[in-house]
Chemist: 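Input: one structure, supplied below.
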Amino acid sequence: MEFSKRILKIKPSPTIAVTSMANSLKSQGVDIIGFGAGEPDFDTPKNIRTAAINAIESGKTRYTPSGGIPELKNAVVKKFKRDNNLEYDQSEVIINCGGKHSFYNLMQVLIDEGDEVIIQAPYWVSYPDIVLLAGGKPVIINTESDTGFKITPKQIAENITKKTKAIIINSPSNPTGTAYSMDELSKIAEVIENTDIIPISDDIYEAITFDGFKFHNIANVSDAMKKKTIIINGVSKTYAMTGWRIGYIAGNRDIVNKIDILQGQSTSNPTTISQWAAVEALTGDQSVLSEMMIAFHRRRKFVVDELNSIPGISCYNPEGAFYAFPRVSEIYKFKKWNSIAEKYKDPYKSSSLCAYFMEEARTAVVPGIAFGNDNYFRMSFATSDENLKEGLNRIRDAVEKLI
Ligand code: GLU
């Protein structure tokens with residue numbers, strides 16, 4: 001079969017692949033602990049579930065405008081005012097089928113063959129592939145844990161070319177958990193303020209921050225930055241609604257209009273019932289979030305402390321999101337590492353290590369190379385305390401066997 005050049009440019013999503021593999025082993029009766037896909041283990045809060053049931057019972061089950069119901073756009077407008085001090089008109093907002101779909105649509109309407117998008121590594125696995133699908137060129141800037149996984153204004157300036165169309169800012173970051181302060185965002189803004197480069201702010205982990213870290217968006221820096229910035233967000237992570245598939249975009253009205261056209265010719269509206277559930281999520285009782293945040297706080301401390309006590313592992317203390325992204329390059333120097341490299345014969349060390357963890361520790365984590373850096377792996381701590389304890393014990397035992 002001859003496939004399009006487009007589809008041949010991309011690979012399966014590694015986060016989804018690891019999770020599917022773990023689930024399939026689990027269904028065969030293998031005792032696997034999954035730290036793969038980032039998905040809160042909590043149930044969607046009751047008030048949101050009830051809103052969805054009410055939507056079904058009251059016949060809200062038909063097509064809606066392809067860009068979403070006015071009630072949800074209005075809820076998004078209110079959310080930006082309440083949480084971010086940003087004013088939008090409904091015409092500057094569109095609802096999509098999850099944050100990934102928001103980013104996909106955005107790339108489809110903005111990117112032409114050869115256009116460049118600056119992406120900071122470690123990056124979320126789907127950014128480069130979605131840019132490639134649109135015909136664009138991902139321009140990757142590497143960062144490391146010893147500099148807090150922060151990109152510098154100088155690095156950005158050095159990577160800007162005539163073809164640079166956009167830069168992605170994902171703070172708090174998946175996978176590293178690093179987050180930019182207002183001061184750091186202001187310095188990044190200085191580099192792009194007087195250019196046509198579009199800052200794309202992926203705020204999906206906005207609500208999950210630690211130790212009092214205060215989330216800011218680059219659009220908060222100045223009116224000029226607000227005009228330029230496109231914000232992506234969604235209800236998946238904040239409200240434990242991953243399966244409901246509701247994301248949204250706010251920004252330039254012309255871009256929003258083009259996405260509306262694209263959506264009308266591709267998915268049509270995001271699921272009607274999910275949209276009504278999202279209205280309740282954004283406008284209903286927000287205190288339901290604190291319980292989840294207390295658990296994330298506790299788990300982050302436990303996971304980071306445990307990881308740092310395992311030989312050969314050092315872990316950055318994330319300011320937000322629910323991932324740990326430990327550095328494991330010292331393990332590659334252990335006496336018995338060669339036997340792992342020979343056994344799995346993977347060109348990437350982090351893939352071999354994660355295959356070893358899957359087999360030896362029956363624990364599923366995602367190799368760092370999937371996020372653009374082979375010296376790390378990612379584990380989600382959006383799972384129960386018991387799973388975290390047991391999984392980390394298993395990882396410790398597996399690592400100690402390599403010394
Ligand atoms: N964004 C989550 C993750 O990184 C969910 C899976 C995916 O879409 O990549 O694990």
Side-chain angles (χ1 to χ4, degrees), residues 10-24 32-42 44 96-107 119-133 138 149 168-179 200-208 231-249 267 270 274 292 296 299-300 303 316 318 320-326 350-351 354 357-358 363-373 376-383 387-388 391:
I10 63 163
K11 54 185 184 324
S13 159
T15 46
I16 305 271
V18 166
T19 310
S20 309
M21 197 194 298
N23 287 343
S24 136
I32 288 279
I33 298 187
F35 298 139
E39 156 161 82
D41 56 320
F42 306 104
T44 302
N96 319 106
C97 313
K100 192 182 287 190
H101 187 226
S102 302
F103 183 64
Y104 176 85
N105 283 350
L106 190 56
M107 290 298 98
I119 302 174
Q120 142 171 15
Y123 45 72
W124 174 47
V125 294
S126 293
Y127 292 141
D129 289 65
I130 290 175
V131 170
L132 286 170
L133 260 185
F149 294 114
I168 300 172
I169 297 161
N170 173 219
S171 166
S173 147
N174 172 7
T176 64
T178 196
I200 299 172
S201 184
D202 179 349
D203 298 357
I204 198 83
Y205 296 99
E206 157 187 19
I208 305 162
I231 302 180
I232 295 177
N233 207 330
V235 294
S236 295
K237 314 290 184 185
T238 308
Y239 301 97
M241 290 178 74
T242 46
W244 301 72
R245 310 311 303 138
I246 296 292
Y248 53 86
I249 284 176
T267 54
S274 296
M292 296 195 251
F296 286 141
R299 293 169 183 176
R300 178 201 58 158
V303 166
Y316 178 75
F322 41 56
Y323 306 104
F325 198 65
S350 60
S351 301
C354 293
F357 285 160
M358 185 80 101
T363 303
V365 294
V366 190
I369 192 62
F371 308 90
N373 197 320
Y376 301 80
F377 72 81
R378 188 192 82 173
M379 67 173 280
S380 160
F381 52 82
T383 186
N387 272 349
L388 292 170

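All residue numbers refer to positions in the sequence shown, counting from 1. Atoms within a ligand are numbered from 1 in the order they appear, just like the ligands themselves.
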Chemist: Kindly state each residue pair satisfying salt bridge (Lys or Arg N to Asp or Glu O under 4.0 Å) with at least one member in residues 10-23, sequence neighbours excluded.
Modeler: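 Non-adjacent pairs meeting salt bridge (Lys or Arg N to Asp or Glu O under 4.0 Å): Lys11-Asp129.
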Chemist: Evaluate Ser126 for polar contact with ligand 1, using N/O atom pairs at a separation under 3.5 Å.
Modeler: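 By distance alone, the answer is no.
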Chemist: Please identify which atoms of ligand 1 are closer than 4.0 Å to at least one heavy atom of Lys237.
Modeler: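 Per the distance check, 1 (N), 2 (C), 5 (C).
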Chemist: For the pair Ser274 (side chain) and Ile246 (backbone), establish whether a donor and an acceptor sit closer than 3.5 Å, ignoring hydrogens and angles.
Modeler: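 No, Ser274 side chain to Ile246 backbone: no donor-acceptor pair under 3.5 Å.
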Chemist: Please list, in number order, the atoms of ligand 1 under 4.0 Å from a heavy atom of Asn174.
Modeler: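 Once the distances to Asn174 are compared, the set is 1 (N), 3 (C), 4 (O).
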Chemist: Within the side chain of Arg378, is there an N or O that forms a donor-acceptor pair under 3.5 Å with the backbone of Tyr323?
Modeler: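 Judged by distance alone, no pair lies under 3.5 Å.
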Chemist: With a 3.5 Å distance limit and no angle check, can you tell me whether Asp203 reaches the backbone of Asn233 through a side-chain donor-acceptor pair?
Modeler: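 Between the backbone of Asn233 and the side chain of Asp203 there is no qualifying donor-acceptor contact (under 3.5 Å).
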Chemist: May I ask you to list the atoms of ligand 1 that are less than 4.0 angstrom from any heavy atom of Tyr323?
Modeler: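 Those qualifying, in numeric order: 2 (C), 3 (C), 4 (O), 10 (O).
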Chemist: So do Phe325 and Phe149 actually touch side chain to side chain, heavy atoms under 4.5 Å?
Modeler: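 A side-chain contact exists here, since the closest heavy-atom pair is under 4.5 Å.
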Chemist: Check whether any side-chain N or O of Thr19 sits under 3.5 Å from a backbone N or O of Ala37 as a donor-acceptor pair, and report yes or no.
Modeler: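 Flag set: sc Thr19 to bb Ala37 pair under 3.5 Å.
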Chemist: Does any N or O of ligand 1 fall below 3.5 Å from an N or O anywhere on Gly36, backbone included?
Modeler: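 N/O-N/O distance below 3.5 Å does not exist for this pair.
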Chemist: What are the atoms of ligand 1, with element, lying closer than 4.0 Å to any heavy atom of Lys100?
Modeler: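 So the answer, numbered in order with elements, is 7 (C), 8 (O).
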Chemist: Which residue owns the protein heavy atom closest to atom 9 (O) of ligand 1, what's the atom, and how far is it?
Modeler: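 Answer for atom 9 (O) of ligand 1: Thr15 OG1, 2.6 Å.
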Chemist: Need the ligand 1 atom indices (1-based, order shown) with element for anything under 4.0 Å from a heavy-atom of Arg378.
Modeler: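 Listed by number with element: 3 (C), 4 (O), 10 (O).
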